[in-house]
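This report concerns only the one structure given below.
Counting starts at 1 for both ligands and their atoms, in listed order. Because only heavy atoms are used, hydrogens play no part in the values below, and waters and symmetry mates are left out as well, while side chains stay in.
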Amino acid sequence: MSSMPVVIFDNGSGYSKLGFAGNTDPNYIIPTAISSRESLGVPVSRLQCEDLDFFIGEDAYQNQKTHNLSFPIKEGQINNWDDMERFWERTIYSLMSVEPQEHVFMLTEPPMNPPENREQMAEIMFETFDVKGLYIGVQAVLALFGSNLYKEKQNLTGTVIDSGDGVTHIIPVAHGYVISSCIKHIPIAGKDITKYIAKALKDRREPIATEDLMDAARVIKEKNCYVCKDMDKELLRFNDKAEWKNYEGIGRTTGAQINAKVGPEMFLGPEVFFSPGKFTRDWDKPLDECLDSTIQGCPIDLRRDLYSNVVLSGGTTLFKNFHHRLQRSMQQRVNDRLARYAASSGNTPKPIECKINAYKTQRYAVWYGASMFAASPEFSRVVHTREEYLEHGPSIARRNVVFGSGV
Ligand SMILES: Nc1ncnc2c1ncn2[C@@H]1O[C@H](COP(=O)(O)OP(=O)(O)OP(=O)(O)O)[C@@H](O)[C@H]1O
């Protein structure tokens, strides 16, 4: 329908992944942050957008002394539409340098996004930016589409564990359809682990300025954190200070040199997924238990596929050994249940294979899946064109056309 490449925006609570369809990597991964004087409280009419003095991404952080920093997406959902519109404006014209009238756009949405949000996305894209066409894809289905699993089996049935900065979801998908009634939300994600590490550094009085603390904690988390096999044994090992690491960096806000020690928080941070009851009163179900109960809640004929096709998506699934530990504890849990069944019934059930798939593009799995899908022949079937929008209005975006079944 268009010779110009489809532009793909996967806007997350922490980071936006931006690029062109058909590529294997996004052109930009930038913080979904905006800093502006207007956010300090003076409402802004959309007509003045071009004149506004605001920054996005890394620049938003760099200018937070003079401009108010805010985040238009919270826990996966857009919660400030004016800021989101300005963020899109800057990413379209300045970063991607495209004329939106000439391109089809693909946006992504979290599971259970209210239809009103989808309509509002369509309204902004068509009316403010006059895009040539639009498709809004469900993040989990896109992650599954981009996984090796789909390439090998051409099957869009699997369970996606999507853990980003603000939210973690377990999403079962059957033949390209999300099983909405079984989605599980886990109130632990990347920013909680960053906060945990920041608190550990602060409690130990590591010499880091308060303004730089969260960013230093994030960098430490991304570089040094890992999932251990046994927390108690690992704690004993860390009694020896030789196991501790040094962190050297430059403060993002102050520009000051940072030299700090990093200790058990390297494995205690990610451990919150596996032993949450030891860290927080708000949540006590380990990730493997949540995954198991999600799949057990799905129709029985799908369960084997859902156990054997678990796909990881999002930055917070990248901790070293995350998938090994999940695979081990999950398989153990399932084997124990089968053994209990065998003991009580006297029958020997067929083994169930649990397979947690980790892969190269996991960090931006949703964007990658979107890129592959938008470059496939099926894409033109699901896109809403400008002409359709002009004829029917935002309600065309209310229903999501499911893809995959016809591929
Ligand atoms: N190597 C890494 N190890 C651990 N965490 C990482 C790594 N790289 C990035 N992260 C974390 O992943 C999170 C961002 O992931 P992602 O881009 O998938 O989230 P998002 O899409 O912004 O958020 P959400 O899905 O919650 O809306 C941040 O918390 C970031 O610190």
Side-chain angles (χ1 to χ4, degrees), residues 8-19 25-26 28-34 56-58 60-61 71-80 84 87 91 107-113 117 137-143 146 160-171 183-198 213-228 249 252 262 265-273 287 311-323 325-326 358-370:
I8 296 170
F9 286 178
D10 174 31
N11 299 112
S13 325
Y15 289 86
S16 287
K17 284 67 77 178
L18 318 166
D25 301 288
Y28 300 97
I29 299 182
I30 60 165
T32 312
I34 178 163
I56 63 160
E58 266 314 313
Y61 282 94
F71 304 92
I73 300 185
K74 195 159 182 273
E75 297 192 355
Q77 305 267 2
I78 298 172
N79 74 342
N80 184 327
M84 196 67 230
F87 186 90
T91 49
L107 301 180
T108 71
E109 61 173 355
M112 313 292 282
N113 196 26
N117 284 8
V138 180
Q139 287 155 2
V141 184
L142 293 168
V160 178
I161 300 183
D162 191 358
S163 186
D165 198 51
V167 66
T168 298
H169 280 118
I170 301 177
I171 309 128
I183 292 171
K184 201 145 279 163
H185 169 251
I186 298 175
I188 301 167
K191 75 169 173 350
D192 304 295
I193 300 178
T194 305
K195 278 187 200 157
Y196 177 86
I197 291 164
L213 188 62
M214 281 302 281
D215 191 58
R218 179 188 59 81
V219 176
I220 289 168
K221 176 187 76 171
E222 292 177 9
K223 271 195 187 160
N224 301 108
C225 282
Y226 61 93
V227 174
C228 65
R252 186 195 231 173
V262 191
E265 59 273 14
M266 283 190 281
F267 60 90
L268 290 177
E271 184 67 27
V272 68
F273 278 112
L287 187 58
V311 165
L312 299 179
S313 161
T316 302
T317 62
L318 290 182
F319 293 114
K320 197 170 160 220
N321 289 330
F322 183 91
H323 76 281
R325 170 102 174 250
L326 187 56
Y359 52 107
K360 214 165 77 240
T361 49
Q362 200 174 309
R363 163 77 178 89
Y364 43 83
V366 173
W367 187 92
Y368 178 80

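- Contacts of Ser313 classified as side-chain hydrogen bond (donor to acceptor under 3.5 Å, both in side chains), with partners at least two apart in sequence or in another chain: Asp162.
- Between the side chains of Thr32 and Asn11, not a single donor N or O lies within less than 3.5 Å of an accepting N or O.
- Look at Glu265 and Lys221 and you find no salt bridge, because none of the NZ, NE, NH1 or NH2 atoms lies under 4.0 Å from a carboxylate O.
- The side-chain hydrogen bond (donor to acceptor under 3.5 Å, both in side chains) test applied to Lys184 returns Ser293, not counting sequence neighbours.
- Taking the salt bridge (Lys or Arg N to Asp or Glu O under 4.0 Å) definition, one finds that Arg363 meets it with nothing, sequence neighbours left out.
- When heavy-atom distances to ligand 1 are checked against 4.0 Å, the residues falling inside are Gly12, Ser13, Gly14, Tyr15, Lys17, Gly76, Gly164, Asp165, Gly166, Val167, Gly190, Arg218, Lys221, Glu222, Gly314, Gly315, Thr316, Leu318, Phe319, Arg363, ordered by chain and number.
- Note on ring orientation: taking the six-membered ring where Trp is involved, the planes of His185 and His169 are tilted (angle from 30° to 60°).
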